[in-house]
There are 2 protein chains.
Amino acid sequence: MYEGAVQDLIDELGRLPGIGPKSAQRLAFHILEADGDDMKRLVAAITTVKERVKFCQICGNVSEQETCSICRDPRRDPSVICVVEESKDVVAVERTRAFRGRYHVLGGAINPIAGIGPDQLRIRELLGRLNDDAVIEIIIATNPNLEGEATSTYLARMLQSIGIKVTRLASGLPVGGDLEYADEITLGRAFEGRRSAIG
Amino acid sequence: MYEGAVQDLIDELGRLPGIGPKSAQRLAFHILEADGDDMKRLVAAITTVKERVKFCQICGNVSEQETCSICRDPRRDPSVICVVEESKDVVAVERTRAFRGRYHVLGGAINPIAGIGPDQLRIRELLGRLNDDAVIEIIIATNPNLEGEATSTYLARMLQSIGIKVTRLASGLPVGGDLEYADEITLGRAFEGRRSAIG
């Protein structure tokens, strides 16, 4: 519907995840009318990320060097590995400041419908780290959904068979939440996982 | 929270309209993991639009030349001008195939809260076209919302005072809609604008 260059841009933007045809059109017109320097910065940011950012050779987290800043940090405890699905989960856990070990990024979760099995995840690399390092605990922090739970179960069985301590993040009521509005699965998990109320 | 280049990209993406912090993060990781050639095409599409696409000197529509393909087309009737807010509205009207005249793109609508008055719109350029061309009708096709109606009223008064025929797109029930679910303002407009049911 538009002349060449504008339509090309709408098509390219429409290929991005979560950007429908209407959003692609709105973004294209924003780009068209925006300040030239702002758009140069956007283009430079995309180009720089593609040129400079790699994945850590140890944990798979995003990194501008061969290994990421967490794997390079000697103050991080090498005996505990927190397994997450994506790099953004590393950021979420780091924000809690509750974890001082290292990470392993799987690059997704087991999802047979999308054709993602254990071989498509960085599980071989995780096993490799267990030979090298003095790892005593693996904390599985995959998402509390169907795919994350399947991945967690798979990893737990595999790692327990080679005699390593495997834990899973607690499920239960979100802090600040309302019991009345908790879904029944979450509330059921909160009952299963109940603890002594005295210290 | 992320290393330099990734955070820079999240920041730049977050400046785009309708892209919140979570979407910016998801898009940045998509770009990071995407095929390099796909991202080169995206960057090229942005760069090409910024370099090549201009606004038609006559009507203000987007164009890769000094004048747009509609203003250059000798088959389009120069005696009727359809006034719209944005270039995307030109595309919407073209899709109907019901209009064979020319356009004038205002570049927005009157919106005092956003600091957009008549002087910020391409109204002077519209008046300039009325001197040159043999225009006999102006069809106002601004959006049927508060800003669009204000712009329509302003234009209609100004153009009528210089003795030109000014019409406005009909308001009423959307085709395929359900009377029961029409809002009261739309239904009221449909009553006001009722026509003879016989031919």
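Values below: all heavy atoms of this structure, side chains included; hydrogens, waters and symmetry mates excluded. Numbered from 1 within each chain, the chains take letters A, B, ... in sequence-line order.
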Sort out for me which of A/Ile19, A/Val90, A/Asp8, A/Val62 touches chain B most, counting heavy-atom pairs under 4.5 Å.
A/Val62

Identify whether [X] and [Y] are in the same connected component of the hydrophobic contact network (ILVMFWY, side-chain heavy atoms under 4.5 Å).
| X | Y | value |
| --- | --- | --- |
| A/Ile138 | A/Leu169 | no |
| B/Ile81 | B/Leu121 | yes |
| B/Ile136 | B/Ile140 | no |
| B/Val91 | B/Val105 | no |
| A/Ile116 | A/Leu126 | yes |

Inter-residue atom distance A/Gln25.CD - B/Glu86.CD, 0.5 Å rounding:
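Atom-to-atom, A/Gln25:CD and B/Glu86:CD are 10.5 Å apart.
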
Residue-level interface, residues 144-162 of chain A with chain B, non-hydrogen cut-off under 4.5 Å:
none

Among residues 29-57 of chain A, which ones touch chain B with a heavy-atom distance under 4.5 Å?
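Expected list: A/Phe29, A/His30, A/Ile31, A/Leu32, A/Glu33, A/Ala34, A/Asp35, A/Gly36, A/Asp38, A/Met39, A/Arg41, A/Leu42, A/Val43, A/Ala45, A/Ile46, A/Thr47, A/Thr48, A/Val49, A/Lys50, A/Val53, A/Phe55.
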
For B/Ser69, is it the side chain, the backbone, both, or neither that has a heavy atom closer than 4.5 Å to a heavy atom of chain A?
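Contact with chain A: backbone and side chain both.
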
For B/Ile10, which atoms come within 4.5 Å of any heavy atom of chain A: side chain, backbone, both, or neither?
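Neither the backbone nor the side chain of B/Ile10 comes within 4.5 Å of chain A.
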
